[in-house]
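For the numbers below, each heavy atom of this structure counts, side chains included, while hydrogens, waters and symmetry mates do not. Each chain gets a letter, A, B and so on, in the order the sequences are listed, and its residues count up from 1. In this text, all values refer to a predicted model and were calculated from it rather than measured experimentally.
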There are 2 protein chains.
Amino acid sequence: MKINTNDPADLSAQIAKAIRDAIIAGQLIIDERLPSEQELAEQFQVSRPTVREALKRLAAQSLIRTQRGAFGGAFVNRIQYQDAYSQHVTTSTLLLSMNDVSFDVACEARFAMERACAPMACARRTADHLATMRAEIHRQSQPGLSDESWCASDVTFHRAFVDAAGNPVMSYQLAGAVEAMQPLMNMITFTARSREKIIDLHGRIADAVETQSPDTCDQLLDELATYTAELAANVLTARANRDAER
Amino acid sequence: MKINTNDPADLSAQIAKAIRDAIIAGQLIIDERLPSEQELAEQFQVSRPTVREALKRLAAQSLIRTQRGAFGGAFVNRIQYQDAYSQHVTTSTLLLSMNDVSFDVACEARFAMERACAPMACARRTADHLATMRAEIHRQSQPGLSDESWCASDVTFHRAFVDAAGNPVMSYQLAGAVEAMQPLMNMITFTARSREKIIDLHGRIADAVETQSPDTCDQLLDELATYTAELAANVLTARANRDAER
DNA sequence: TAATTTTCATTTGTCAGACATTTAAAAGTC
DNA sequence: GACTTTTAAATGTCTGACAAATGAAAATTA
């Protein structure tokens, strides 16, 4: 595990990369203890603060965890679904919101991936998943629900749908697509009329999942995707007109 | 932007969280300069090394970039597809390899998501995508190709297929599913016979994309998924038998 | 002897202060 | 005006120190 002396990057970044590569390559196995900060400092010929900065970089990626005390230290961490999940959502959300990703592109990706869940969700859905979906549909039909809460409920509904597929890897991968859309959805104005239509579609999707009709489910998701894109297009048109008036 | 004094986490973790939340909430916009390390230290009532550790955590997530010199500092970073991509691949790879995710589950998720690309890939593929796919098929048919190179070529082929869908969000999301499978694929022994069958399927998938036949494409991906899972099952059976003999 | 308490060494967490290096604006020079 | 030099500000790195946590080992006690 050595650092490249020609690398222009910060020492802490180089050290972090060296350790990260060792973990990915399997040279450091799960729960293995890294040398103490003092020892690492000597190995890499740097000071302890520099080593610490490197370790914090790795901790931020959930690659290691640290423990204080006599037999403490830095340990190679077993990445949990939850850690990976939240990291993925954060990165995806920022990626979409910071790069002016068009609503259409994000929407297309999201619904294409969700439709991939349809057959599995229909085949494996449990009562729990159905109950969550129905509960969110009920929440959505409550009058006076704020736009923000509406979008949050929408995300919960779709997460339940994805989880119904019973494949944790799928749930993890889809998380980025589904949750990262929320800020983009927040830009849409959901009138009572549009909410009604979406609620109706949600209800029919839940029905299709319950009756295990993947084709119907697929078709309804397509309809929902089209309608959502339409709503977004209207917002954009209205905004363009308003800007043109000025 | 304040830190919770009841939080048991490290100060640097708390500070990183506070700044991260501010970025996510849009309180800090792209390319905005954060206060200097000295000023942050005063704001949060901690020392400069602690602030630096927090900033390194954020840098590890590509949330900020730093620049030395007068008028330098830490700036909110616009997350690029490439940054998000490599982070996603790293996390996904470790998640799969560290958690004994069954081959079936990962394989199912990957091919389900790839099949979601089929209609888009058929509709939008360019000559470049087709050329990359053909080139990898050619590479795969070379005798004496190492197992590792074979798997790498397989990943490149599938990436080209996904990219053909012409949706960068899709490419980003799929990256985790496709590339993270590579270490799992490396455990499979690809005999000349099994390679031949896969090459044939790859060729027919490329044909289907070229002739824009999404249904054929879908079906071929399904076949490939089934065959891959079969190969993996054989490896597992053989391994179980060998272990039983001992 | 067995159980409990205390001590202690080790390690991470945090701090203070210093110097090196980089960078671009500002001042000076031709 | 164009070029060079100076300078101030910021990050990068180092040294040394102390605080806090933690589990092992030693000491104490029943």
message: Using whole Å, what does the distance between atom C1' of nucleotide C/dC15 and atom CZ of B/Phe44 come to?
response: 17 Å
task: Indicate, with a heavy-atom threshold strictly under 4.0 Å, whether A/Gln38 touches base, sugar-phosphate, or nothing.
output: nothing
Integer-rounded Å distance: C/dT14 C1' and B/Gln45 CD: 14 Å
query: If you take atom types as modelled and just measure distance, does the side chain of A/Arg48 reach the base of C/dT14 with a donor-acceptor pair under 3.5 Å?
result: yes
5′-ward residue of the pair A/Thr66/A/Phe71 relative to DNA chain C: A/Phe71
message: Please confirm whether the shortest side-chain N or O distance from A/Arg52 to OP1 or OP2 of C/dG13 is below 4.0 Å.
response: yes
task: Looking only at side-chain atoms of A/Arg68, point me to the closest of D/dA20, D/dG12, D/dT13.
output: D/dA20
message: Of the listed nucleotides (D/dT13, C/dC15, C/dG13), which one gets closest to any side-chain atom of A/Lys56?
response: C/dG13
- request: Step through it carefully: locate the ring centre of A/Tyr172, locate the ring centre of A/His88, and say whether they are under 6.0 Å apart.
  value: yes
query: Closer than 4.0 Å, any side-chain N/O of A/Ser12 to the OP1 or OP2 of D/dG12?
result: no
- prompt: How close or far is atom C1' of D/dG16 from atom CD of A/Glu37, stated in whole angstroms?
  reply: 15 Å
Nearest-nucleotide pick for B/Ser36, side chain only, options being C/dA24, D/dA10, D/dC14: D/dA10
message: Any salt bridge linking A/Arg52 with B/Asp10? Criterion: basic side-chain nitrogen under 4.0 Å from a carboxylate oxygen.
response: no
- line: Ranking D/dT13, C/dA16, C/dA24 by distance to the side chain of B/Gln67, first place goes to C/dA24
- prompt: Between B/Thr90 and B/Thr93, is a side-chain hydrogen bond (donor to acceptor under 3.5 Å, both in side chains) present by the stated rule, with each step listed?
  reply: CA-CA 5 Å; B/Thr90 302; B/Thr93 303; over 6 Å; no
query: In whole Å, what is the span from the CD atom of B/Gln14 to the P atom of C/dG13?
result: 13 Å
message: Reading DNA chain D from 5' onward, which residue's closest nucleotide shows up sooner: A/Glu53 or A/Ala70?
response: A/Glu53
message: Please report the distance, rounded to the nearest Å, between CD in A/Glu42 and P in D/dC14.
response: 13 Å
query: Salt bridge check: are B/Arg124 and A/Glu108 linked by an N-O gap of less than 4.0 Å?
result: yes
Flag for B/Ser153-B/Thr156: side-chain donor and acceptor within less than 3.5 Å: no
task: Assign B/Arg65 to base, sugar-phosphate, or nothing according to its heavy-atom contacts below 4.0 angstrom with the strands shown.
output: nothing
- request: Specify the separation, in whole Å, of atom CG of B/Leu40 and atom P of D/dA9.
  value: 17 Å
task: Grab the CG-P distance between A/Leu11 and C/dA20 for me, whole Å please.
output: 16 Å
